[in-house]
Amino acid sequence: MCSGDMSNLRFNSLINLKLTQESGQTSQAPWKYNSIENMDKFDELIYLKVPSINNQVNDETISLGKLPILLKLSQDKSNLNEFSYLYEFPKKVNKREFSLDINNFSKNEIKIIEKEIRDEISKIYDLNFDLEKFYNFLLDDEKLAPSLDFCNGLRLFIAKDPFECIISSICSANNSIARWTKSIDKIKSNWGEKLEFESGIFYSFPKPNQFLDFYETPIEEADADGHSYEIDCYTHNLKSCGVGYRASYMKKASKMILDNEVNISDIFNMDYDEAFDLILKIPGVGPKVADCILLYGFDYEEAFPSDVWIKRIISHLYFDGEEISADKTREFGMEHFGDYAGYAQLYLFHYARKSGLMDKIKK
DNA sequence: CCGCAGGTTCCGA
DNA sequence: TCGGAACCTGCG
């Protein structure tokens with residue numbers, strides 16, 4: 001369709017895009033990845049607020065409120081100090097023709113849209129975080145320092161949407177990355193808005209009110225349908241997405257959010273402890289998932305998500321191998337790393353994975 | 001076929 | 001307040 005002028009759309013900051021995308025951060029399922037020659041490319045959908053849009057196909061004006069936009073990021077592997085990006089408008093939304101190009105917008109509107117895209121990328125990749133300063137902190141800690149050999153340019157990968165992050169994080173609990181990713185993909189393709197771009201088809205993440213209507217099991221779905229087919233034909237239910245017993249948690253979480261028992265915009269204004277206590281009330285959310293949500297969904301960088309691996313790593317590095325509880329690990333991390341806890345957790349985890357430390361401390 | 005990984009919940013000391 | 005079993009699914 002159309003996209004921006006490549007020469008202007010560029011960031012100059014230290015980041016390793018591929019590393020950041022693929023470091024297993026549980027904020028959202030990974031973006032689409034294509035490697036072209038020496039370039040790493042990532043495609044992903046974001047939503048932006050825009051003014052009303054003139055749909056040229058049916059000659060009507062649509063007020064979407066938010067416009068889905070496909071982002072296409074690329075980075076030359078040999079230069080981690082910059083990356084470029086393009087954006088693309090959809091040609092179909094839920095099978096409706098949707099013709100938009102850059103000429104639909106005034107110069108000023110384009111300026112607004114491109115500014116929003118920039119802000120969004122900056123937020124998602126935490127580009128305002130001062131990595132150099134963090135590296136000074138890191139090098140002062142002899143246990144932490146070796147991680148830099150494996151993590152140069154690694155940044156936090158902040159969720160596009162806090163609700164998606166909450167549901168994804170619930171799904172990630174007691175789960176493997178592979179299964180968790182598949183489940184989220186199925187949820188999106190089952191119920192998300194279908195968006196067709198020149199570069200491919202994407203699905204949005206469903207909204208909280210949609211979750212309330214989802215069937216939990218194939219049986220439930222078949223019952224509602226009068227059992228017209230074999231039971232395994234019923235796939236539009238959460239269990240069939242492979243989420244297991246987390247299905248009811250997801251629905252309850254959505255309900256709490258809709259009922260304002262958990263108010264997403266309030267959380268942004270809370271202090272960490274208050275936000276932590278509130279999020280813990282959501283079923284399926286324990287301390288580890290709560291910290292993931294706060295770190296990746298709400299950018300509370302003082303959170304120190306403590307799973308079994310971080311527990312083992314901290315025990316090994318800082319407690320002479322003596323086994324400490326997940327709770328103790330979390331306390332230690334927050335105490336020891338302060339506002340850098342989230343980054344320290346990220347760097348330690350990736351370092352252990354890449355250095356072979358994980359295999360060594362596996363019980 | 002079975003064993004295992006993974007965080008939260010729930011149950012019973 | 002704590003330890004430990006149960007939970008669901010995919011992978012080896």
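Note on naming: letters A, B, ... go to the chains in the order of the sequence lines (proteins, then strands), and numbering restarts at 1 for each one.
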> For the side chain of R179(A) and the base of dC11(C), is some donor closer than 3.5 Å to an acceptor across the two?
Replying inline: no
> Distance-only, no hydrogens or angles: does the K354(A) side chain make a donor-acceptor pair with backbone N or O of F150(A) under 3.5 Å?
Replying inline: no
> Please give, in whole Å, the distance from dT8(B) P to K288(A) NZ?
Replying inline: 7 Å
> Within the side chain of R155(A), is there an N or O that forms a donor-acceptor pair under 3.5 Å with the backbone of L14(A)?
Replying inline: yes
> Which whole-number value in Å describes the distance from I170(A) CD1 to dT9(B) C1'?
Replying inline: 14 Å
> For V285(A), which contact category applies under a 4.0 Å heavy-atom criterion: base, sugar-phosphate, or nothing?
Replying inline: sugar-phosphate
> Of A178(A) and Y245(A), whose nearest nucleotide on DNA chain C comes first from the 5' end?
Replying inline: Y245(A)
> What distance separates F11(A) CZ from S122(A) OG, expressed to the nearest 0.5 Å?
Replying inline: 5.0 Å
> Are W180(A) and dG6(B) close enough that a side-chain N or O sits under 4.0 Å from OP1 or OP2?
Replying inline: no
> Which whole-number value in Å describes the distance from E216(A) CD to dC8(C) C1'?
Replying inline: 13 Å
> What's the CG-C1' distance between N175(A) and dC11(C), to the nearest Å?
Replying inline: 12 Å
>> If I compare all heavy atoms of F214(A) with all of P206(A), which pair ends up nearest, and what's the gap?
In response: CZ-CB, 3.9 Å
>> From C-beta outward on K239(A), which listed nucleotide comes closest to its side chain: dG7(B), dT9(C), dG6(B)?
In response: dT9(C)
> Does D307(A) use its side chain to pair, donor to acceptor, with the backbone of I310(A) at less than 3.5 Å?
Replying inline: yes
> In terms of the nearest nucleotide of DNA chain B, which residue is placed more toward the 5' end: Y249(A) or S176(A)?
Replying inline: S176(A)
> If you check every side-chain atom of D307(A), which of dT8(B), dG7(B), dG6(B) has the closest atom?
Replying inline: dG7(B)
> Roughly how many Å is it from CE in M250(A) to P in dT9(C), rounded to a whole number?
Replying inline: 12 Å
>> Just the rounded figure in Å: distance from P of dT8(B) to NZ of K311(A).
In response: 12 Å
> Between K182(A) and dC11(C), is there a side-chain N or O to OP1/OP2 distance below 4.0 Å?
Replying inline: yes
> Tell me: CG of N237(A) to P of dT9(C), nearest whole Å?
Replying inline: 10 Å
> Where each residue is assigned the nucleotide of DNA chain C containing its nearest heavy atom, which of C241(A) and N174(A) is assigned the position nearer the 5′ end?
Replying inline: N174(A)
> Separation of I177(A) atom CD1 from dG10(C) atom P, in whole Å?
Replying inline: 16 Å
